[in-house]
2 protein chains.
Amino acid sequence: MNIALFRNLFREKKLSLSHPRLLTYQELSNAVSPLSSLELYQNLLKKSKKIGLTSIYRSLGLFESLGIVFKITNGSSVKYKLCELENHHHHIICKACGNVVELNFCDISDWSKKVTEVTGYQVVDHQLNFFGFCKACIPLQRSQSAER
Amino acid sequence: MNIALFRNLFREKKLSLSHPRLLTYQELSNAVSPLSSLELYQNLLKKSKKIGLTSIYRSLGLFESLGIVFKITNGSSVKYKLCELENHHHHIICKACGNVVELNFCDISDWSKKVTEVTGYQVVDHQLNFFGFCKACIPLQRSQSAER
DNA sequence: CTGTATGCAAAGCATTTGCATAATA
DNA sequence: TATTATGCAAATGCTTTGCATACAG
């Protein structure tokens, strides 16, 4: 999601676009790979930006609930990345290096119907992640497979 | 994985099959839905089994590294379930009461191929959870929808 | 101005670790 | 008997909360 859309969204939802929120967004926006809350905090401090860790947590929580950010819980580590695709999508995560690629397809709506038929549950959401090895890490597969 | 295979594995790997490990295995084996480390601990205490929480953590870690157990990291909650190698499946989780129903179908293998084609990643695993409201909780939907 | 967000410090929690004791093979 | 695992208590580390202050709209 680019900065213009980001600003629009905040205006639409009548959410205040505070300094910490903007900084958090920008830092994620510059990032090449997913970042933890602490990395985000330290990166901003290095750039002499005044921000509290707490606000980063709060911003990330807000962004996540708005669908702006994807939270990657991979074993014990938690990282965040900006969603580049605006529509609903899923991810594939490299088990070795942690890189994430977004998948711009989701045919799961048929499944939701099936789930409702079978269980009686009203399905409102789902979560799907693929795990594997990116091209660069395929050779490492054997040595890494027990990790996480 | 049944108890016979479990015992065999431990013998093969020359791992000691201690009381806590066996209890942890059995409790998971009896469980209808995935359990957290604490639930496991409390269930065993209720049954007057002597065990420490620490040992449960250590057993679960061992089991996971052996591929006996699957760790479900759902937002902030972490639960474990025995891998039933014969039928891979997914879950639907009630957002209101937390009940879990297992879904005995998974047609995702076609997707894995597609993911590989599109991204070049070698897919080795995936994780799919549905969220919704069970019959009893559908009336609560409005008040609970912001949670998690 | 008025409500909302911030930042610090402290609290909370799940998980891990150190170490003496106990159980396993 | 010699490893190896256990269990308690304490430590760790990530995340959340309370609350007075500062900021955005």
Side-chain angles (χ1 to χ4, degrees), chain A residues 3 6-27 34-45 47-66 68-69 71-80 98 147-148, chain B residues 6-27 34-45 47-66 68-69 71-80 98 146-148:
Chain A
I3 184 71
F6 179 76
R7 286 181 185 280
N8 277 343
L9 184 65
F10 271 67
R11 205 171 303 131
E12 275 172 29
K13 301 255 178 186
K14 298 196 197 309
L15 291 164
S16 95
L17 219 172
S18 64
H19 219 208
R21 286 177 181 172
L22 196 54
L23 285 174
T24 302
Y25 167 82
Q26 288 172 336
E27 194 57 34
L35 297 174
S36 68
S37 37
L38 190 63
E39 288 167 337
L40 236 18
Y41 177 63
Q42 292 172 331
N43 288 357
L44 286 168
L45 285 196
K47 296 177 183 173
S48 314
K49 306 293 185 182
K50 195 183 167 303
I51 196 170
L53 222 201
T54 306
S55 299
I56 291 180
Y57 276 107
R58 288 194 270 227
S59 297
L60 290 171
L62 176 64
F63 293 177
E64 200 194 350
S65 73
L66 292 170
I68 295 172
V69 139
K71 182 179 181 179
I72 304 162
T73 310
N74 186 23
S76 52
S77 86
V78 177
K79 304 215 170 189
Y80 299 84
E147 276 191 24
R148 258 190 170 167
Chain B
F6 178 76
R7 286 181 184 280
N8 277 344
L9 184 64
F10 271 67
R11 206 170 303 131
E12 276 172 29
K13 301 255 179 185
K14 299 196 196 311
L15 291 165
S16 94
L17 219 173
S18 65
H19 219 209
R21 287 177 181 172
L22 197 53
L23 285 173
T24 302
Y25 167 83
Q26 289 171 337
E27 194 57 34
L35 296 174
S36 67
S37 37
L38 190 63
E39 287 167 339
L40 236 16
Y41 177 63
Q42 292 171 332
N43 288 357
L44 286 168
L45 285 195
K47 295 178 184 172
S48 314
K49 306 293 186 182
K50 194 182 169 303
I51 196 170
L53 223 202
T54 306
S55 298
I56 290 180
Y57 277 106
R58 288 193 270 226
S59 297
L60 290 172
L62 176 64
F63 293 176
E64 202 195 349
S65 72
L66 292 170
I68 295 171
V69 140
K71 182 178 182 178
I72 304 165
T73 309
N74 177 33
S76 53
S77 86
V78 176
K79 304 214 170 190
Y80 299 84
E147 274 189 25
R148 266 239 171 88

Going 5' to 3' through nucleotides 13-25 of chain D and flagging B where a protein heavy-atom sits under 4.0 Å of the base, S where only the sugar-phosphate is that close, and - otherwise, we get -SBBB------SS
Rounded to the nearest Å, what distance is computed from the CG atom of residue A:Leu44 to the C1' atom of nucleotide C:dT6?
15 Å
Length of the line joining B:Leu22:CG and C:dT24:C1', which is rounded to integer Å:
13 Å
Do you know which two heavy atoms are closest between A:Tyr41 and A:Ile51, and how far apart they sit?
CE1-O, 3.3 Å
Close side-chain approach of B:Val69 to B:Tyr25, heavy-atom, < 4.5 Å
no
Length of the CZ-P vector between B:Arg7 and C:dT24, whole Å
12 Å
Taking only Lys NZ, Arg NE, NH1 and NH2, and the carboxylate oxygens of Asp or Glu, determine whether B:Glu27 and B:Lys47 approach each other closer than 4.0 Å.
yes
Using whole Å, report how far NZ of B:Lys50 lies from C1' of D:dA5.
12 Å
Whole-Å gap separating P (C:dC13) and OH (B:Tyr41)
17 Å
CZ of B:Arg21 versus P of D:dG7: gap in Å, rounded?
11 Å
Is any side-chain heavy atom of B:Ile56 less than 4.5 Å from a side-chain heavy atom of B:Leu44?
yes
Which of these passes side-chain contact (heavy atoms from CB on, under 4.5 Å) with A:Tyr80: A:Thr24, A:Leu35, A:Leu60?
A:Leu60
Whole-Å distance between D:dA5 P and B:Ile51 CD1?
15 Å
Answer whether the closest heavy-atom distance between the side chains of A:Leu22 and A:Ile3 falls below 4.5 Å.
yes
In this structure, how many angstroms lie between the C1' atom of C:dT4 and the CZ atom of A:Phe10, rounded?
13 Å
